[in-house]
Amino acid sequence: MPVSASSSRLIFDALKANGVRIMSALPETWLVHLIRMAEEDPETTLVRLAKEEEGVGISTGAHLAGVRSAMLMQNHGFLASVNGIVSCAQLYRIPLLMLVSARGEFGERDPWQTEGGLVTEHVLDALRIPTERLGSQGDVARKISKAMTLAYSASRPVALLLERDLMWEEA
Amino acid sequence: MKRIEAMRAVHDRLSQPRVAVVTIMGAVAAELQSIGHRPNFFYLQHAMGLASSLGLGLALARPELTVIVFDGDGSILMNLGGLTTLARYAPKNLVHVVFDNESLLSVGGFPTATSTGSDIAAMAAGAGVPRTSTVRDLASFTSAFDAALAARELTTLVAEVEAVGPAAFVTDLSLLENRYQFQRHLRSLAP
């Protein structure tokens with residue numbers, strides 16, 4: 001499976017360096033290495049979800065309890081989480097770091113992913129969620145750190161879109 | 001049994017040190033505030049379904065605290081998958097109470113699926129929650145609640161209550177005031 005293990009390691013290490021101790025996730029192909037790293041790391045609590053919106057509640061509880069967390073999900077999982085983001089994380093001003101795999105963009109071979117790829121950024125914009133794209137390994141540590149900084153200073157959700165060029169090692 | 005009577009019967013347990021209480025919106029939040037707000041009470045005033053997930057986040061983040069969630073039938077029915085996540089991690093410090101009045105009281109009393117036979121305790125047990133029960137009167141609720149606190153094992157306790165609530169749902173405790181007070185209180189309890 002050509003999911004980039006080296007990019008996944010950089011992302012995981014950056015999350016840990018920013019104090020993330022709880023990661024919630026729903027399995028998605030691009031996230032398999034990240035989820036495995038979270039599971040194997042004794043300092044990280046991985047919460048495997050049934051549906052992504054639960055992760056908003058878990059991250060809110062963790063934040064109120066003083067623990068940093070992150071959500072790992074596919075863009076369709078983000079779309080499935082919208083009410084939780086609005087009615088929990090935004091209503092209650094929760095710093096919520098969301099790492100969202102950007103499926104359905106150039107290079108996508110799975111027909112079922114393509115519709116979500118067209119709307120993800122528009123929905124993020126409509127929700128006024130500050131978003132940056134992560135497309136190259138050299139940006140990973142810096143952008144994750146800056147995303148976490150803004151999440152905490154603004155006390156709001158922020159998103160990083162994980163691009164195919166970062167997560168998938170294939171021509 | 002009325003929900004407010006049930007909460008009143010255990011209010012002193014909710015106010016103990018190292019306890020965190022999370023409620024859903026609407027009648028539960030307004031009634032608990034009318035009995036007596038404490039800085040360790042957090043009322044999730046929207047995001048139906050997520051109170052149990054929020055409780056799981058608290059319980060995992062702070063295993064030294066006891067987390068009590070006051071959920072409702074309408075809310076948990078929106079997050080049944082979350083029962084499987086609760087069961088999967090089964091924090092020993094989480095007591096999940098579901099007040100079942102078979103209706104969406106806050107929006108006019110429309111009947112939920114528990115009015116036609118859906119059994120929340122059975123669904124929680126089926127999800128893998130290790131301790132589940134359903135109670136119908138105040139004495140049974142109080143004893144089951146105390147047993148759940150003592151058990152140190154994830155419990156979903158369904159309390160069948162009358163579909164009656166307060167006259168108004170908006171209180172003078174602002175959402176963000178509650179949120180920051182709760183967070184500061186938990187910080188003050190840091191191990």
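Letters A, B, ... are given to chains in the order of the sequence lines, protein chains preceding strands, and every chain is numbered from 1.
For A/R142, the CZ atom is densely surrounded, since the number of other residues' heavy atoms within 6.0 Å is greater than 12. No more than 12 heavy atoms of other residues, nucleotides or ligands lie within 6.0 Å of CD in A/E115, so this atom counts as exposed by the packing criterion. The number of heavy-atom neighbours closer than 6.0 Å to NZ of A/K143, taken from other residues, nucleotides and ligands shown, is above 12. Residue-environment remark: NZ (A/K16) exceeds the threshold of 12 foreign heavy atoms within 6.0 Å.
A/V47 touches chain B through backbone and side chain together, each having a heavy atom under 4.5 Å away. The contact between A/I22 and chain B is made entirely by side chain atoms (from C-beta outward), counting heavy-atom distances below 4.5 Å. For chain B, no part of A/I85 is nearby; none of its heavy atoms comes within less than 4.5 Å.
Annotation: maximal heavy-atom pairing with chain B below 4.5 Å, among A/G55, A/A62, A/C88, A/G57, occurs at A/G57. Counting heavy-atom pairs closer than 4.5 Å to chain B, the top residue among A/S24, A/A50, A/A65 is A/A65.
Both B/I68 and B/L138 sit in one connected hydrophobic cluster of ILVMFWY residues. Membership requires side-chain heavy atoms under 4.5 Å apart, directly or through other members. A/I35 and A/L49 are members of different hydrophobic clusters when ILVMFWY side chains are connected at heavy-atom separations under 4.5 Å. Under the 4.5 Å side-chain heavy-atom criterion for Ile, Leu, Val, Met, Phe, Trp and Tyr, A/I94 and A/V82 are members of the same hydrophobic cluster. Cluster annotation: A/L134 is connected to A/L15 through the hydrophobic network of ILVMFWY side chains, with a link wherever side-chain heavy atoms come within less than 4.5 Å. One hydrophobic cluster, built from ILVMFWY side chains closer than 4.5 Å, holds both A/M37 and A/V20.
A pairwise comparison of heavy atoms in A/S155 and B/R179 identifies OG-NH2, 4.1 Å as the closest pair.
Once rounded to the nearest 0.5 Å, the distance linking CZ of B/R184 with CG of A/L64 reads 12.0 Å. Between A/H63 atom NE2 and B/L186 atom CG the span is 11.0 Å, to the nearest 0.5 Å. Separation of atoms CG (B/L175) and CZ (A/R93) is listed at 13.0 Å; rounding is to 0.5 Å. Distance check, rounded to the nearest 0.5 Å: OG1 of B/T85 to NZ of A/K51 gives 12.0 Å.
Using non-hydrogen atoms only and a strict 4.5 Å limit, the part of residues 22-61 of chain B facing chain A consists of B/F42, B/Y43, B/L44, B/Q45, B/H46, B/A47, B/L50, B/S53, B/L54, B/L56, B/G57, B/L58, B/L60, B/A61. Contacts with chain A (heavy atom to heavy atom, under 4.5 Å) involve no residue of residues 114-127 of chain B.
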